[in-house]
Amino acid sequence: MRIRFNEISPNGNQFTIDDPAEIGDADLSIQDGTMEATFVLRRKDEHKVEMSGALKLTPVLCCDRCLGSYAYPLETEYHILFETIADSKWNLKELECGSEDLDTVLLEEPEIDLIDVLRQQVALSLPDKKLCSEQCRGICSHCGANRNTEQCNCAQNTVETPFAILSKLKK
Ligand SMILES: [Zn+2]
Ligand SMILES: [Zn+2]
């Protein structure tokens with residue numbers, strides 16, 4: 001969904017995307033298939049558009065430790081200033097001063113791709129380390145049992161740490 005600067009009112013326009021398929025990530029499954037993404041665009045001048053938006057969805061992620069899937073409710077807000085490159089040269093000083101507490105995105109064309117923004121916000125909001133819970137016990141490296149749900153008998157036999165071997169040698 002591409003919005004050109006000249007379609008945006010100084011008073012603000014609101015856009016909504018509610019189809020998670022727009023994220024375009026086939027590997028990312030969304031619980032209930034619902035998503036709420038809103039974008040309020042406000043034109044500051046010919047070359048600048050301010051965006052504030054909010055995103056809400058619950059992706060189903062795969063735990064790095066136990067490989068089980070779990071729901072990860074995600075809610076984020078964003079404020080971004082879009083500026084065309086031609087104009088930004090004039091405003092470089094202003095940017096350096098950080099006069100506005102906004103992320104600034106420079107554009108070659110006076111056009112904002114809302115789908116791009118959506119994808120970026122989703123990517124930024126996903127955790128680096130995916131854990132179904134802090135206490136996740138993971139998968140047994142010996143028998144492959146999910147140690148959250150199964151009691152395997154490897155525990156007694158898996159003390160082959162260097163210390164265990166050392167203590168054997170001492171005997
Ligand atoms: Zn897990
Ligand atoms: Zn095991």
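Numbers for residues simply follow the sequence, beginning at 1. Numbering of ligands and ligand atoms starts at 1, following listing order.
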### Query
Is the Zn ion (ligand 2) less than 2.8 Å from an N/O/S atom of Cys154, whether that atom is in the backbone or a side chain?
yes
### Message
Under 4.5 Å between side-chain heavy atoms, counting indirect links through other Ile/Leu/Val/Met/Phe/Trp/Tyr residues: same cluster for Ile8 and Met1 or not?
### Response
yes
### Task
Have a look at the Zn ion (ligand 2) and estimate, to 10 degrees, the angle subtended by SG (Cys152) and SG (Cys140).
110°
### Query
Between Asp113 (side chain) and Arg2 (backbone), is there a donor-acceptor pair under 3.5 Å?
no
#### Entry: Side chain Asn148, main chain Arg137, donor-acceptor under 3.5 Å
yes
### Query
Do Val117 and Phe82 touch side chain to side chain, with heavy atoms closer than 4.5 Å?
yes
### Query
Using a distance threshold of 2.8 Å, what protein N/O/S atoms lie below it relative to the Zn ion (ligand 1)?
Cys63 SG, Cys66 SG, Cys132 SG, Cys136 SG
### Query
With the 4.5 Å side-chain cut-off for hydrophobic clustering, are Leu41 and Leu81 part of the same group?
no
Enumerate, atom names and distances included, each donor-acceptor pair closer than 3.5 Å involving a side-chain atom of residues 27-40, sequence neighbours excluded.
none

### Summary
One should read off an interatomic distance between Gln120 CD and Leu55 CG, to the nearest 0.5 angstrom, of 12.5 Å
